[in-house]
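Inspection log for the structure reproduced underneath, given as structure tokens.
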Amino acid sequence: MASSQVLGELIPCGGGDPVPLFKGKLLVGRRSHCDIQLQFPNISSHHCELEFINGFWRVQDLGSSNGVKINGERLDSKWLMPGDVLAIGKHRYEVHYSPPDGQRPPEDQEDIFSRGLLEKAGLARSRELPRRPAPPPPTPESPPPPSKRTSPDDDEAMKWLSEL
């Protein structure tokens, strides 16, 4: 949809056709009703949203499995500046648009409740990892758990502790 109404474009890193940013709010994902369709398996149905606010583009991850990165940093949302590299899943695009002269986007303020502490520290498990099933409860027919072998020193220590 090339027209004078284009508000910017995403240039694929490594080659390909530019993706025009043709309206103020764009849904990016794999579904046919998305404004920008990226038909790749590592793109979520509704991956992220791009919004043009006061002359600046902002990206918001919509809880996608593979996330959104800006200049290599995974973030939930961020203002995009010309020349930034936006990674949607594993697909990278350079952001091109002309922001208003002499203006800067508002400061990003992280919502401290948007992610858990383990996730912020990079210690959270991926959503895609399967959980191990819990072991079945013991039944009368199941053998007793193997006993731990103890050394004579352990026996002496237990005897001493029981006398206290």
(message) Run the side-chain contact (heavy atoms from CB on, under 4.5 Å) test on Met81 and Tyr97 for me, step by step, so that the C-alpha distance in whole Å, both residues' side-chain angles and the decisive distance to 0.1 Å come before the verdict.
(response) CA-CA 8 Å; Met81 297 304 293; Tyr97 74 98; 4.1 Å; yes

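- Both Leu38 and Val68 are assigned to one and the same hydrophobic cluster, defined by single-linkage of ILVMFWY side chains at heavy-atom distances under 4.5 Å.
- Tyr93 and Val19 get closest at one heavy-atom pair: CE2-CG2, 4.3 Å.
- Closest heavy-atom contact between Leu26 and Trp57: CD1-CH2, 3.9 Å.
- Ser77 contributes atom OG, which lies 11.0 Å from atom CD of Glu49 (distance to the nearest 0.5 angstrom).
- Counting heavy-atom neighbours within 6.0 Å of Arg92 CZ, excluding the residue itself, gives a total of 12 or less.
- By the criterion of side-chain heavy atoms lying less than 4.5 angstrom apart, applied directly or through intervening Ile, Leu, Val, Met, Phe, Trp or Tyr residues, Ile11 is not grouped with Phe52; the two fall into different hydrophobic clusters.
- Side-chain N/O atoms of Asn42 and His91 include a donor and acceptor closer than 3.5 Å.
- The shortest distance between side-chain heavy atoms of Pro82 and Ser98 does not fall below 4.5 Å.
- A distance of 4.5 Å separates CG in Asp84 from CG in Asn71, rounded to the nearest 0.5 Å.
- Residue Phe56 holds its CZ atom at 5.5 Å from CD of Gln103, rounded to the nearest 0.5 Å.
- Distance check, rounded to the nearest 0.5 Å: NE2 of His47 to CD of Gln37 gives 15.0 Å.
- Put simply, the side chain of Leu21 reaches to within 4.5 Å of the side chain of Ile36, judged on heavy atoms.
- The minimum heavy-atom distance between Pro100 and Asn54, with the atom names listed, is CG-O, 3.7 Å.
- Here Asp35 contributes atom CG and Leu50 contributes atom CG; the two are 9.5 Å apart, rounded to the nearest 0.5 Å.
- Taking both residues in full, the closest heavy atoms of Cys34 and His46 are given as SG-CD2, 3.8 Å, listed atom of the first, atom of the second, then distance.
- Using a 4.5 Å cut-off on side-chain heavy atoms (C-beta onward), Val59 and Val28 make no contact.
- Listed for the Asp76 side chain is no donor-acceptor partner under 3.5 Å among the backbone atoms of Asp61.
- Using a 4.5 Å cut-off between side-chain heavy atoms of Ile, Leu, Val, Met, Phe, Trp and Tyr, with links allowed through other members, Leu10 and Trp79 fall into the same hydrophobic cluster.
- To the nearest 0.5 Å, atom CD1 of residue Ile43 and atom SG of residue Cys48 are 8.0 Å apart.
- In plain terms, the two heavy atoms of Pro12 and Pro18 that are nearest each other are CD-CA, 4.0 Å.
- Connection of Leu86 to Ile53 is established within a shared hydrophobic cluster, with ILVMFWY side chains joined at heavy-atom distances below 4.5 Å, either directly or through further cluster members.
- Checking side-chain atoms of Ser44 against main-chain N and O of Ser65 turns up a donor-acceptor pair under 3.5 Å.
- Nearest heavy-atom pair across Ile70 and Lys78 is CD1-CB, 3.9 Å.
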